[in-house]
Amino acid sequence: MNHSNNSQQSSDGRHDDDAALTEFLSSLMDFTPTIPDELVEHYLAKSGFQCPDVRLIRLVAVATQKFVSEVAMDALQQCRARQTSVVKDKREKQQKDKRLILTMDDLSKALQGHGVNVKHQEYFADSPSTGMDPASRDE
């Protein structure tokens, strides 16, 4: 008798999960993700995945948007940590207050925290001012 109560509870829980999933998937039809459906479809097709269901395409877009957002936030934290560890003379302190400069190293460390290893080519700038107009370096 106790066994049937457990079966009842698990089937009710599954029903609730199915209802929540159905509601979530239907809400994706009203949601416009940052990443366009066409772009997601292109990359899914490139990887060999074909799906006519727009809800699934948008689910992938939402997951991608979340991943990109998390990586960007982690890279920002890396950038802030790097710039606060710089020797603090008066000029560098003023520079720090004005702007944050994201480097490839910041992005690489953020991506590494998410399991993506990036090795950048030698042609990337070694410092934030490399390749800048000499007049704008002093700003």
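Reckoned from all heavy atoms, side chains included, excluding hydrogens, waters and symmetry mates. FYI, the numbering just counts along the sequence from 1.
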Going hydrophobic residue to hydrophobic residue with side-chain gaps under 4.5 angstrom, can you get from Y43 over to V62?
yes
message = Assigning hydrophobic clusters by single linkage (Ile, Leu, Val, Met, Phe, Trp, Tyr; side-chain heavy-atom cutoff under 4.5 Å), is L102 placed with L100?
response = no
The side-chain hydrogen bond (donor to acceptor under 3.5 Å, both in side chains) partners of Q65 (sequence neighbours excluded) come to T34
Value for NZ (K109) from CD (Q112), rounded to nearest 0.5 Å, stands at 9.0 Å
So OG of S26 and CG of L21: to nearest 0.5 Å the spacing works out to 9.5 Å
Please check if any side-chain donor atom of D105 sits under 3.5 Å from a side-chain acceptor atom of S108, or the reverse. no
Nearest heavy-atom contact between L39 and I35 is CD2-CG2, 3.8 Å
Heavy-atom closest pair (A75 atom, A110 atom, distance to 0.1 Å) is N-CB, 3.4 Å
Pairs under 3.5 angstrom only: tabulate donor-acceptor contacts from the side chains of residues 49-60 to other protein residues two or more places apart or in another chain.
{"from": "D53", "atom 1": "OD1", "to": "R55", "atom 2": "N", "distance (Å)": "3.1"}
{"from": "D53", "atom 1": "OD1", "to": "R55", "atom 2": "NE", "distance (Å)": "3.1"}
{"from": "D53", "atom 1": "OD2", "to": "R55", "atom 2": "NE", "distance (Å)": "3.4"}
{"from": "D53", "atom 1": "OD2", "to": "R55", "atom 2": "NH2", "distance (Å)": "2.9"}
{"from": "R58", "atom 1": "NE", "to": "D37", "atom 2": "OD1", "distance (Å)": "3.4"}
{"from": "R58", "atom 1": "NE", "to": "D37", "atom 2": "OD2", "distance (Å)": "3.1"}
{"from": "R58", "atom 1": "NH1", "to": "L28", "atom 2": "O", "distance (Å)": "3.1"}
{"from": "R58", "atom 1": "NH1", "to": "M29", "atom 2": "O", "distance (Å)": "2.9"}
{"from": "R58", "atom 1": "NH1", "to": "F31", "atom 2": "O", "distance (Å)": "3.3"}
{"from": "R58", "atom 1": "NH2", "to": "D37", "atom 2": "OD2", "distance (Å)": "3.2"}

Donor-acceptor pair, side chain of D106 and main chain of T103, under 3.5 angstrom
yes
Exercise. With the side chain counted from C-beta on, respond yes when L107 and Q78 share a heavy-atom pair under 4.5 Å apart, and no when they do not.
Key: no
By side-chain contact (heavy atoms from CB on, under 4.5 Å), E70 pairs with (sequence neighbours left out) K66, H114
